[in-house]
Enquirer: 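Before I ask anything, let me first share the structure, which is written out below as C-alpha cells.
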Amino acid sequence: MEKRPFNELGLSAEVLKAVDKLGFEEASPIQTAVIPALLEGRDVVGQSATGSGKTAAFAIPAIERVDPKLKRVQVLILCPTRELAVQVAEEVNKLAAFKRGVMEVPIYGGQPYDRQIRALQAGAQIVIGTPGRVMDHMERGTMRLDELKMVILDECDRMLDMGFRDDIETVMAGTPPGRQSLFFSATMPPAIRGLIKRYTNNPVEVKIQASAQNTPQVEQIYFEVQRRAKVEALTRLIDRYDFRHGIVFCSTKIMVDELDELLHARGYATDRLHGDISQTQRNRVTEKFKRKGFEFLIATDVAARGLDVDDLEVVFNFDLPNDAEDYTHRIGRTGRAGKSGRAFTFVSNREIYKLQSMIRYGKLDIQRGRIPSIDEIEEVKENKFFEKLRTTLEAGEYTRHERTIDRLLEQGHASTEIASALIHLMQGGMAEALPPGSPPVAPSRAESYGQQENYETPDRAPAHDRHEKPAYDRPGRTGREQGYVTLFFNVGRKQAITPSDLVGKIAGVTRHPGGIVGAIDLKQRHSLVDVAEAQADDVLQKMAGVRLKGVTLQPVPAAQAG
Ligand code: ADP
Ligand code: MG
C-alpha cells in the first residue's frame, strides 16, 4: 500500500506544521488512503493493524473540518476506554496545536461532570469520549450535537466486545442526519458490518493488509516450555536480549499477581494491571509505565485493552491468548512506527495444538525458538563486558591505580593474572559484597557486572521494594517527603535517562537499597532526586565522578544548586 508525503494530501499549513513537529516523515498507508476521502466529506470505514496510525488518519481531517469560529461540538470521537479517550485527545491536541480557536475535550466516566460541562460551554468543538458518558451528556442536555459534522468510532471492535453496542446506537441516533460517519477498527467482525450498514452512506472502505512492509517489524517466536519452567524461561529471555520495556500477558488475575511478585523478587522492576485493580491505580500504573518508570507490565488482556504504549521492545505471551485476534492485538503493542519489536509466546504441553490452529486459521507467522542456556546468557554478558572494557581502555576514561598495580607486580604477579583476578572479583565477588538488607537480586542479575563503579551500567540494578514506596511513585514532587533531602544531579532528559537508570546507578554504586531514593523529578538537563537524609552525604560522595550516559556526575545538595 502506498504512502505519501503529508503535503500532498491537501492539508492546511497549520496542520502540516504540527505533523512536522510530531516528527512524522510521511503519511502511513491508512492515512494516505483515508485523509483525502475524509476531506471530501465521504463516509469512511478504515481497517488496519494496531499501531498503523489510525488516530491521525481521522484526527487530521477532523481538525481540518472544524470551523474555529463556531463554538459548538462539531466532531464526536467515541473510544472504548478512558485511557484511549485521553490518548486520542492528546494526539488531537498536538495536531491542532497551530490551529487557533480549535479546542478538544476528553469526556469519560469517573471524572466530575462540571469540569466537562465547563469545557463544553467554553466552546470545545472536538469531543473525545467513552459511549456511556457521552450518552449521559446528551440525555442531560449538557452536550448539544445539532452542529455535529463528523462522528468517529475508534476501536469499534473493542467497543462491541465491551458491550457498548446499545450505547453506540443511542449516540448515533442522536446525531444529525447530514454528518459524516467514520468507523475505525483493527478487525471487522460481522456485528460491525451491521452498524456500518445502518449508519454510513456509500462509505469508502479502506483495508490495509498487514504485510511485512507496513506492519511493524515484529519477530514472532514461540517456545515450548513446561509450566513450572516458564518464569525461568522468561527471565532468561529478558536477560539474553537485555529487554527494558515490555508487557507480559497472563490469562488470569492470579497469575498476574503471582508473576509480578516472582519477577519483582528476582530483581526486575515490574507492576501489574488487572480487572480487580481500581481505576485510579490503573491510571497510575499506566502513566508510570509510559514514563518507563518500571520495566515490565504484567497484565491480563482485559486490563491492557486500549493501552497505547509506544516503543515496547517486547511482548511476552506468558500464557497463550484465546485466539488469533487476541494474539494480534497483544503483539500490536510492539514494533510500532517502524521500529522493530519482538513477540515471544510460551506454550506448555498440549497448548501447542491450540497454537498451531491459531497459526493456521489466523495466518500468523510464528517460528519455533529455543530458550537460551545459562551459558549463552553468560556469553552475552561477557561480550558486553568486553566491549565496555575495550571502550573504557580506548577512551582512557578511568582513574589510574599504578601504585596498587606496581605493588602486585613487585610481588611477582603477572599483569594478565592481575587483570583476571580483577575481572573475577567484579563478576563473582559482587553478590557477597552486598550488605545485609539489600534488596533481593536475581542470581542472573547479581552476577552481572553492571553495578561496578566507573563502569557505565549496562545491567539493571535491583528493583527496590515496592512496599518501601517506590522511588518513581511521585515524580515531579521532590522535596516533600520528611527525612529526605533533595539532591541535584547534572543529568536529565536530554541524556534520555529514566528514573530507573538513576535509582539503579545510585543503588549499584553506593550499595544502599534503592529504597533510600524517594521522588525523582527529571528535568531537561538535570534531575532532582530525593535521598534519605541519613545516606545523603554518602550518596553525594560516592556518586561524584561516576559516569552515567556519558556524563560525569557531580551531584550537589539542591539547596546549593541555586
Ligand atoms: P492505531 O490507532 O492504528 O493503533 P496509532 O494512531 O495509535 O495507531 O499510532 C501508533 C503510533 O504511530 C503513535 O505513536 C503515533 O504517534 C505514530 N504515528 C502515527 N502516524 C505516524 C506517521 N505518519 N509517521 C510516524 N509515526 C506515526
Ligand atoms: Mg488506535
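All ligand and atom numbering here is 1-based and tracks the order in the structure. Start at 1 with the first residue, then count along the sequence.
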Enquirer: Quick one: does Met255's side chain get under 4.5 Å of Asp319's, heavy atoms only?
Expert: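 Yes - at least one pair of side-chain heavy atoms lies under 4.5 Å apart.
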
Enquirer: Backbone or side chain, does any N or O of Ala56 fall under 3.5 Å from an N or O of ligand 1?
Expert: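 No.
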
Enquirer: Considering the heavy atoms of Thr55, write down every atom of ligand 1 situated less than 4.0 Å from one of them.
Expert: 2 (O), 5 (P), 6 (O), 7 (O)

Enquirer: Between Asp43 and Ser181 (side chain of the first, backbone of the second, donor and acceptor by atom type, cut-off under 3.5 Å), is there such a pair?
Expert: yes

Enquirer: Less than 4.0 Å is my threshold; does some heavy atom of Phe6 fall inside it relative to ligand 1?
Expert: yes

Enquirer: Nearest non-hydrogen contact with atom 18 (N) of ligand 1 belongs to which option: Phe24, Phe58, Phe184?
Expert: Phe24

Enquirer: Determine, for Asp271 against Lys292, whether the closest basic-nitrogen to carboxylate-oxygen distance falls under 4.0 angstrom.
Expert: no

Enquirer: Which ligand 1 atoms does Ser52 reach within 4.0 Å, using its non-hydrogen atoms?
Expert: 1 (P), 3 (O), 8 (O)

Enquirer: Less than 3.5 Å between some nitrogen or oxygen of Glu25 and one of ligand 1, yes or no?
Expert: no

Enquirer: Taking side chain to side chain contact (heavy atoms under 4.5 Å, CB included) as the definition, give me every residue that meets it alongside Ala27, ordered by chain and number, with sequence neighbours left out.
Expert: Phe6, Leu9, Gln31, Thr32

Enquirer: Under a heavy-atom criterion of less than 4.0 Å, does Glu26 contact ligand 1?
Expert: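 Contact check Glu26 vs ligand 1: positive.
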
Enquirer: Under 6.0 Å between the ring centres of Phe344 and Tyr241?
Expert: yes

Enquirer: Taking Gln125 for its side chain and Pro68 for its backbone only, find out whether a donor-acceptor pair lies under 3.5 Å.
Expert: yes

Enquirer: Need the ligand 1 atom indices (1-based, order shown) with element for anything under 4.0 Å from a heavy-atom of Ser28.
Expert: 23 (N)

Enquirer: Aromatic ring centroids of Phe294 and Phe289 under 6.0 Å?
Expert: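 Ring centroids of Phe294 and Phe289 are less than 6.0 Å from each other.
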
Enquirer: Indicate yes or no: does an N/O atom of Lys54 lie under 3.5 Å from an N/O atom of ligand 1?
Expert: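 There is such a contact, yes.
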
Enquirer: Counting heavy atoms only, which of Glu155, Glu91, His329, Gln31 comes nearest to atom 20 (N) of ligand 1?
Expert: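 It is Gln31 whose heavy atom sits nearest to atom 20 (N) of ligand 1.
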
